[in-house]
Amino acid sequence: ELHHVAGTHILNDMFHIHYDGHFGTINTYRLGRLPSVPVDWAEINAAWGLATQLLVCLAKRLNHRFAHWTPVHAGSMSKMERLS
C-alpha cells in the first residue's frame, strides 16, 4: 500500500500539521482550547474541518472503507456520520 501514498507529499503542502505551545495545529488553526488560553470556536471548527478533509483525502487515496463511522467533509461544519 506504500505505492498508494507515494504521491501524498502534496498533502504535506496542503495540510501543515504542527504545534503551537500546548496546541496541535493544522494550517496554523488550533485544534482545541485551554481554560487559560481561550480559542475562538470558529478557529477550532476550521481546524477540525481541515483535519476531516485530510482524513477523507487519505481514505480515498488508500481506498479505505470505514466500518462504523465515516467522516463528512463540510468545511467548519464537518462531522462524523454513523454507517448503518
Side-chain angles (χ1 to χ4, degrees):
E1 290 188 24
L2 184 58
H3 67 279
H4 288 293
V5 293
T8 59
H9 60 276
I10 190 167
L11 296 178
N12 289 332
D13 295 333
M14 292 175 57
F15 302 100
H16 179 72
I17 297 173
H18 200 60
Y19 63 93
D20 178 13
H22 296 290
F23 300 102
T25 64
I26 185 166
N27 293 1
T28 71
Y29 293 111
R30 293 171 284 185
L31 289 156
R33 62 191 297 167
L34 294 170
S36 60
V37 185
V39 177
D40 187 54
W41 282 109
E43 178 179 347
I44 295 169
N45 289 340
W48 283 107
L50 287 168
T52 304
Q53 184 179 16
L54 175 58
L55 181 60
V56 168
C57 287
L58 287 172
K60 185 175 180 179
R61 180 80 173 155
L62 295 171
N63 292 320
H64 177 74
R65 301 251 185 235
F66 294 94
H68 303 287
W69 294 86
T70 188
V72 177
H73 172 62
S76 63
M77 302 292 287
S78 296
K79 60 184 178 180
M80 297 294 288
E81 278 187 354
R82 185 187 301 260
L83 298 173
S84 34

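In this structure, OG1 in Thr28 is found 7.0 Å from CD in Glu43, a value given to the nearest 0.5 Å. Going from atom CZ of Phe15 over to atom CG of Leu50 covers 6.5 Å, rounded to the nearest 0.5 Å. A distance of 10.5 Å separates CH2 of Trp48 from CG of Leu55, quoted to the nearest 0.5 Å. Within the model, atoms CD1 of Ile17 and OG1 of Thr25 stand 8.5 Å from one another, a figure rounded to the nearest 0.5 Å.
The minimum heavy-atom distance between Val39 and Gly32, with the atom names listed, is CG2-O, 3.4 Å. The shortest heavy-atom contact between Pro71 and Thr52 is CB-CG2, 3.8 Å. Smallest separation of non-hydrogen atoms from Ala47 and Ile26: O-CG2, 3.4 Å. In terms of heavy-atom proximity, Ser78 sits nearest to Gly49 at OG-CA, 3.7 Å.
Linking Ile, Leu, Val, Met, Phe, Trp and Tyr whenever their side-chain heavy atoms come within less than 4.5 Å puts Ile44 and Leu34 in one cluster. When the side chains of ILVMFWY residues are joined at heavy-atom separations under 4.5 Å, either directly or via intervening members, Tyr29 and Trp41 end up in a single hydrophobic cluster.
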Requested in this report: Show your working on side-chain contact (heavy atoms from CB on, under 4.5 Å) between Arg30 and Val37 and close with a plain yes or no.
Outcome: CA-CA 11 Å; Arg30 293 171 284 185; Val37 185; 4.2 Å; yes

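Around atom CE of Met80, more than 12 heavy atoms belonging to other residues, nucleotides or ligands sit under 6.0 Å away. Within 6.0 Å of NE2 in His64 there are more than 12 heavy atoms belonging to other residues, nucleotides or ligands.
Using modelled atom types, one side-chain atom of Asn27 and one backbone atom of Met14 make a donor-acceptor pair closer than 3.5 Å.
Leu31 is not listed as a side-chain neighbour of Phe23, based on a closest heavy-atom distance of 4.5 Å or more.
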